[in-house]
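Since the structure comes first, as structure tokens, the remarks are kept for the end.
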Amino acid sequence: MPSSVLCSPTHEADQFSNRLNSLIKSRKSDDLYRSRRIVETPQSAQISTNGNDLLNFCSNDYLGLANDPRVKSACVSGIEKWGVGTGASHLVCGHTGAHHELEEALADFLQRESVLLFSSGYAANVGVINGLLSEGDNIFQDRLNHASLLDGGWISRAKHHWYQHRNYHDLEETIQETIKDAPKNNEGINLIVSDGVFSMDGDECDLKKLIGVSKKHSGSVMIDDAHGIGCIGENGSGIVNPEQFTSADVPILVGTLGKAFGTSGAFVAGDKSLIEFLIQRARNYIYSTAMPSAIAVASLKSLDIIKNESWRREKLQENILYFRDGLSLNNDSEILMPSKIAIQPIVVGSAERANLISQSLEKNGILVSAIRPPTVPNNTSRLRITLTANHSIQEVDRLIEVLSECLS
Ligand SMILES: *Cc1c(COP(=O)(O)O)cnc(C)c1O
């Protein structure tokens, strides 16, 4: 074939980009278009983008560790010791002493036998579910579970079942329906999966009820506590309090390092048998380069801070209460969702309205992103406000003031 044929745009190529452009256009006209902003400063309560200084109320850096000098210098010393890249997957030659030390420290922190690191929470969820389940198994998911949990379910080819958000009666009925139709000798896994703290609503799964239903029907529970670990619980161990719930209650516990830890990566915690099994079977663990060792060294420092500086959780809690009290004083108290944690969403309805309010907040120096479908159900577009331990009371005051103006 002459090279000119390969280089000239073909009719098919034109059609392909026309198709994409028309999909992008309809996203724009539906107010669902997404774009990235270029941030010019490290994560902090104040950030700068396009030369504008903004108060940042949409980061998941809940404890303010992403730019902590101690975490940074741990990372730098990690690079000095280990270099940058790991060169291979964990199973080939990429699993270093730094990874191993972090795994052992996390296992100790969460009081589980073993921990396995992944390169992100998304990867951990897909890897765990796809590693554990296959055709013939069932997965039961809360309707508002994180996208990565849903994707893991789809890829695994297990049968997918939904239950209504935090409705454990509905979960039980769904399981009963499923079991009723199953062949008598079916030995498949029934995996019940829930966010610990829901990422878009900020409410919590009722772990006792969930475990109760699971035990009654021989299910296995997987909790993704991406927003809980580090932030809630006596010493930051999250919603699955190890003093109260063992691995017999919650055999699979997932957490991320990208939020409260302020670094990057994720982990799954459980019994040795779970971790050994995942090392054999989790495809995105096996076929993916190990996270940089320096990130593991930095995360180990974050873990140390999480354990020893409980004032960060207290400060975060103070900011949350202050924000909730202040905003309900100026507005209808119904405006807030029943969230006790750092995620404080304000549901405003249409995607258009969410965009407009987010834009007017930004004009007034406040950065809060509009969360729209398909991330949240239709007509529940929202401003997803997140508070951190780094915000001062004055900054939260400013948020309340500007937000009240923009909402009225
Ligand atoms: C953020 C989040 C993830 C993904 O974690 P990353 O480390 O950012 O990939 C998974 N689950 C939930 C509930 C989350 O909120």
Side-chain angles (χ1 to χ4, degrees), residues 34 36 39 43 58-63 65-66 71 99 102-103 106 110 115-131 139 141-155 165-166 191-207 210 221-233 238-240 250 252-269 282 284-285 288-292 295-296 298-299 302-303 306 337 339 341-345 369 371 374-377 382 384-388:
R34 292 159 191 237
R36 301 169 301 172
V39 173
Q43 279 303 310
C58 52
S59 161
N60 299 321
D61 178 27
Y62 300 127
L63 300 180
L65 296 181
V71 178
H99 297 127
L102 177 61
E103 287 183 346
L106 285 166
L110 298 166
V115 154
L116 192 67
L117 293 178
F118 280 81
S119 48
S120 74
Y122 189 99
N125 283 336
V126 171
V128 169
I129 296 174
N130 187 36
I139 180 164
Q141 303 227 30
D142 187 294
R143 275 221 170 267
L144 297 190
N145 273 356
H146 192 263
S148 54
L149 296 169
L150 311 190
D151 293 356
W154 299 138
I155 292 172
H165 180 47
R166 296 177 70 232
L191 187 68
I192 303 169
V193 185
S194 177
D195 281 19
V197 170
F198 287 86
S199 55
M200 295 301 141
D201 286 35
D203 51 355
E204 292 162 29
C205 118
D206 187 331
L207 208 47
L210 185 85
V221 172
M222 169 173 175
I223 298 292
D224 170 10
D225 203 16
H227 299 279
I229 294 177
C231 293
I232 55 179
I239 201 165
V240 185
V250 179
I252 309 158
L253 174 61
V254 173
T256 177
L257 301 169
K259 289 165 184 162
F261 281 75
T263 59
S264 183
F267 54 89
V268 51
N284 60 8
Y285 185 78
S288 189
T289 302
M291 67 152 84
I295 295 294
S299 305
S302 295
L303 177 60
I306 286 171
M337 295 185 82
S339 161
I341 63 132
I343 303 164
Q344 293 292 327
S369 52
I371 306 284
T375 309
V376 292
R382 63 199 65 189
R384 182 176 177 275
I385 293 160
T386 49
L387 298 157
T388 73

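Whatever order the structure lists them in is the order used to number ligands and atoms, beginning at 1.
- Neither the backbone nor the side chain of V254 comes within 4.0 Å of ligand 1, counting heavy atoms alone.
- For ligand 1, none of its N or O atoms has an N or O atom of D195 under 3.5 Å away.
- Among protein heavy atoms, atom 2 (C) of ligand 1 sits closest to K259 NZ, 2.3 Å.
- H227 and Y62 share a donor-acceptor pair across their side chains, judged by distance under 3.5 Å alone.
- The protein heavy atom nearest to atom 15 (O) of ligand 1 is H227 NE2, 2.4 Å.
- Judged by distance alone, with hydrogens and angles left aside, the side-chain atoms of D195 form no donor-acceptor pair with the main-chain N or O of D224 at under 3.5 Å.
- Residue-level proximity to ligand 1 for A266 is absent, since no heavy atom of it falls below 4.0 angstrom.
- Every atom of ligand 1 with a heavy atom of Y122 under 4.0 Å away is listed here by number and element: 4 (C), 5 (O), 6 (P), 9 (O).
- The distance from ligand 1 to the heavy atoms of S199 drops below 4.0 Å at these ligand atoms: 15 (O).
- Under a 3.5 Å cut-off, the side chain of R382 and the backbone N or O of M200 do form a donor-acceptor pair.
- Near S148, with a cut-off below 4.0 Å to any heavy atom, the atoms of ligand 1 are 10 (C).
- Looking only at distances, a side-chain donor or acceptor of S299 sits under 3.5 Å from a matching main-chain atom of I295.
- For an aromatic pair to be called close, the ring centres must be under 6.0 Å apart, and F118 with F267 fails this.
- Atoms of ligand 1 found under 4.0 Å from any heavy atom of A226, numbered from 1 in the order shown, are 2 (C), 11 (N), 12 (C), 13 (C), 14 (C), 15 (O).
- When the options L149, T263, L257, D224 are ranked by their closest heavy atom to atom 13 (C) of ligand 1, first place goes to D224.
- You'll find the side chain of L253 stays beyond 4.5 Å of the side chain of V268, heavy atoms only.
- In terms of polar-atom proximity, defined here as any N/O pair under 3.5 Å, G121 does make such a contact with ligand 1.
- Using a 4.0 Å cut-off to heavy atoms of N125, the atoms of ligand 1 that qualify are 10 (C), 11 (N).
- With S339 contributing its side chain and D203 its backbone, the two residues share no donor-acceptor pair below 3.5 Å.
- Residues F198 and H165 place their aromatic rings such that the two centres sit under 6.0 Å apart.
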